[in-house]
Structures are given as structure tokens and as C-alpha cells.
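Okay, structure first, notes after.
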Amino acid sequence: MKKILVTGGAGFIGSHLCERLLNEGNEVICADNFFTGSKKNILHLLDNRYFEVIRHDIIKSMLVEVEEIYNLACPASPVHYQYNAIKTIKTNVLGTINMLGLAKRLKARFLQASTSEVYGDPREHPQKETYWGNVNPVGIRSCYDEGKRAAETLTMDYHRQNNVDIKIIRIFNTYGPRMAANDGRVVSNFIVQALKGEDLTVYGDGCQTRAFCYVSDLVDGTVRMMNSKEGFIGPVNLGNPVETPIIEFAHKIINMTGSSSKIVYKPLPQDDPVQRKPDISLAKRELEWSPVVELEEGLKKTIEYFEKSLTFVKKACL
Ligand code: NAD
Ligand code: UDP
């Protein structure tokens, strides 16, 4: 049994990670400021005596005793991370410094959740970890993209300068139950719109691509990375390499939900990457990891989740 801190543990990915770590018999502390996370995501874990929740903002320092730190705290949806851009970059810079400082003091292993956004609007396709990226440093996405790039730099520098035991993962678009219905990301937007019979909002011409990874696969890769051999620090891409144009994805959601919704086209947000698909050969080789959940299977579970939560909201409003 290990004592583990998960920052952002009440969020979408963080709550699945806490659950997995508890199921494996660990003691888990979840630290979250509940900006985009919710108590609902972790309600089912509260009875577990090895689970502890602390309302904490990582831009402030934190004193706990743990052996491992998964640093996930940061809003991930463009709508949410742009809502308070300065706070987003503070979370990535000051927050990551605080968590790295904690890891240094405790001699704890530290895993930084980075993102495919460090590749920006990539000129290399698919993206390998060796690609340095094409990021606009002054655009509306840069609070997140540059924030995460700075977080990677800080993580590497604490390793080089202070010998902190680190791991870096670059997460590609991940989806599944417990995504927030209002978080503005394409998977939740399209499913909620389809279930409500509203128009599906495709930004731009819908030819831009993304590759979607189901959350249990992502969590498995994350835990494998934390437990990987000393000396393998990454960064390593974690994502599902099956690439889908957004317009095709919209049609898939309409078909799978049996919805009568139509598709409407809206302006493409500034700096929206044209294509994205991970090269996961490094994860396959070093972690013996590759995703196993196919898109249709993962979407089915996600649609069921949103169906249930929308019915619950409807009943609560009656
Ligand atoms: P999420 O928004 O659901 O979860 C983020 C969690 O962090 C929330 O619970 C939020 O309340 C908490 N948080 C935010 N700022 C905080 C702060 N200053 N102090 C403490 N807690 C704070 O997002 P997610 O999809 O679960 O993403 C989790 C992590 O994975 C993030 O670091 C994100 O950048 C990374 N990531 C996610 C994806 C994806 O597709 N979901 C892709 C790439 C990277
Ligand atoms: N998108 C869309 N309609 C929506 C939400 C998003 O067409 O309602 C597009 C968005 O422009 C992007 C892709 O879907 O090209 C993925 O967007 P998301 O916000 O999920 O994640 P990103 O990969 O851009 O961070």
C-alpha cells in the first residue's frame, strides 16, 4: 500500500485515477479546488476509509506526507481554461512548482499530466515526443499550451537540479463518464446536444481531426508510467491513435444516439489545431501499453452516462 496524492482528483480523469488507485489497495489523498471538478465525481469513494479529500488550491503550498504525486490539477476544456486565463497559467507554473517542491522535500515520485497541446497546431503528423511543437505564445490557448510547456520545463529542471524522481505524460483527447456536461469539449457537447435534440455545433468545416482515448485506457497508461522503471521519465504520449474528422464524429454521435438533431456550422475558434494524432510507439515499447477500448464501445458507455445524468437533472427540476 502506498500513500498517494492526486491533485485535480475530483475532476474527470482524476476521479477515475483515484478510484483505480484505491481499488489497488492504496491510500489516496485528493486535493482539488473544485473549479471544474465536483463532489459528485468522488461521492462513491467517500465511504472508503483510505480516501481523503482536501479542498485545496495548488497555487498555495501544501503539507502532506505521501510517496507519490500525480499532478493533474488544471482545467482541461478550452472554455474553462480560457475563463480565467491568468489563473490557468498560475496553476501550471506556481501550482507545479509547489507540487514539485513537495516531491523534493518528501523524495516522492512525481508525475506531471501534460498534454498534446504542447504540440500546438502541429506541422508533424502523427506527433512523436521528439517534435517540439508549433505553439502561438500570445494566443487565447497559450495560457494552457505554454502553461503546460512551462510545467514540463519545471518538472525536468527539478529533476536535473534537485534529483526529483519524475515522470511526464502527454495526454491526448480523452473522454468518458464524468466529463462535465457543460465543459464545452466536443465529446460532451455533441452527446448532450444530440440527447436534447439540439443542433450539433461543428466548428469550422469539421475537417479538423482528433483522436479520442477512453478514460480507463488513459488511466491505465498513467499508472503504468508512474510505476515504470527508474530512468524512464518521458515525456510519453498517451492517447488512442485512431483519428477522426470532427464532422464524421458528429454523424457518429447522431447515429449512436438515434437523435433527430441537425448539424450547424459555427466559426472555428482561434488557433484550433487542424490535425492531431499520437504516435504511441514509445508507450508501447516502454510501458507495454496501448488502448484497448474501441471508440464505439467507449462512446456507448459515455452516452449512457449522459443519458442518466440528464434524466436526473430533469427529475430534479420537476
Ligand atoms: P477536469 O477539468 O475535469 O479536471 C481538472 C481538475 O483540477 C478539476 O477537478 C479542477 O477542479 C481541478 N483544479 C483546477 N485548477 C486547480 C487548482 N489551481 N488547484 C486545485 N485543483 C484544481 O479536466 P480533466 O479532463 O480531468 O484533466 C485532468 C488533467 O489532464 C489536466 O491537467 C489536463 O490538462 C490533463 N489533460 C486532459 C486531457 C483530456 O482530454 N481530458 C487532455 C490533455 C491533458
Ligand atoms: N468542436 C466542435 N464543436 C464543439 C466543440 C468542439 O466542432 O461543440 C471542435 C473544436 O473546434 C476542435 C475539436 O472539436 O477542433 C476538439 O475540441 P475540444 O474542445 O474537445 O478539444 P481540443 O482538442 O480542441 O482541446
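Atoms within each ligand, like the ligands themselves, are counted from 1 in listed order. In what follows, every heavy atom counts, from backbone to side chain, and hydrogens, waters and symmetry copies are set aside.
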Listed partners of Tyr144 passing ring-ring contact (aromatic ring centres under 6.0 Å, His included), at least two apart:
Tyr81
Do [X] and [Y] sit within salt-bridge range, that is, some charged N less than 4.0 Å from a carboxylate O?
X: Asp199; Y: Lys266; value: no
X: Lys60; Y: Asp57; value: no
X: Glu117; Y: Arg149; value: no
X: Lys3; Y: Glu68; value: no

Would [X] count as a contact residue for ligand 2, given that I'm defining contact as a non-hydrogen atom of the residue lying under 4.0 Å from a ligand atom?
X: Phe249; result: no
X: Gly184; result: yes
X: Gln193; result: no
X: Glu117; result: yes

Looking only at heavy atoms, is any part of [X] under 4.0 Å from ligand 1, and if so is it the side chain, the backbone, or both, or is it neither?
X: Thr91; result: side chain
X: Phe34; result: backbone
X: His56; result: backbone

Nearest neighbour in protein (non-hydrogen) for [atom]:
atom: atom 24 (O) of ligand 2; result: Arg141 NH2, 3.0 Å
atom: atom 38 (C) of ligand 1; result: Ile171 CG2, 3.9 Å
atom: atom 1 (N) of ligand 2; result: Tyr203 CD1, 3.4 Å

Could you tell me whether ligand 1 has any atom less than 4.0 Å away from a heavy atom of [X]?
X: Thr7; answer: no
X: Lys148; answer: yes
X: Tyr144; answer: yes
X: Ser114; answer: yes

Closest to atom 5 (C) of ligand 1 (judged by heavy-atom distance), picking from Gly37, Cys74, Pro75
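The residue whose heavy atom sits nearest atom 5 (C) of ligand 1 is Cys74.
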Heavy atoms of Ile254 and Ser261 approach each other most closely as CD1-O, 3.6 Å
Regarding Gln127 and His125, is there a side-chain donor-to-acceptor distance under 3.5 Å anywhere?
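Indeed, the side chains of Gln127 and His125 share at least one donor-acceptor pair under 3.5 Å.
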Distance-only N or O hit between ligand 2 and Arg210, under 3.5 Å:
yes
Please identify which of these residues, Asn92, Ile89, Ile58, Thr36, meets the side-chain contact (heavy atoms from CB on, under 4.5 Å) condition with Cys74.
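In the set Asn92, Ile89, Ile58, Thr36, the residue that makes a side-chain contact (heavy atoms from CB on, under 4.5 Å) with Cys74 is Asn92.
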May I ask you to check whether Thr174 has an N/O atom sitting below 3.5 Å from an N/O atom of ligand 1?
yes
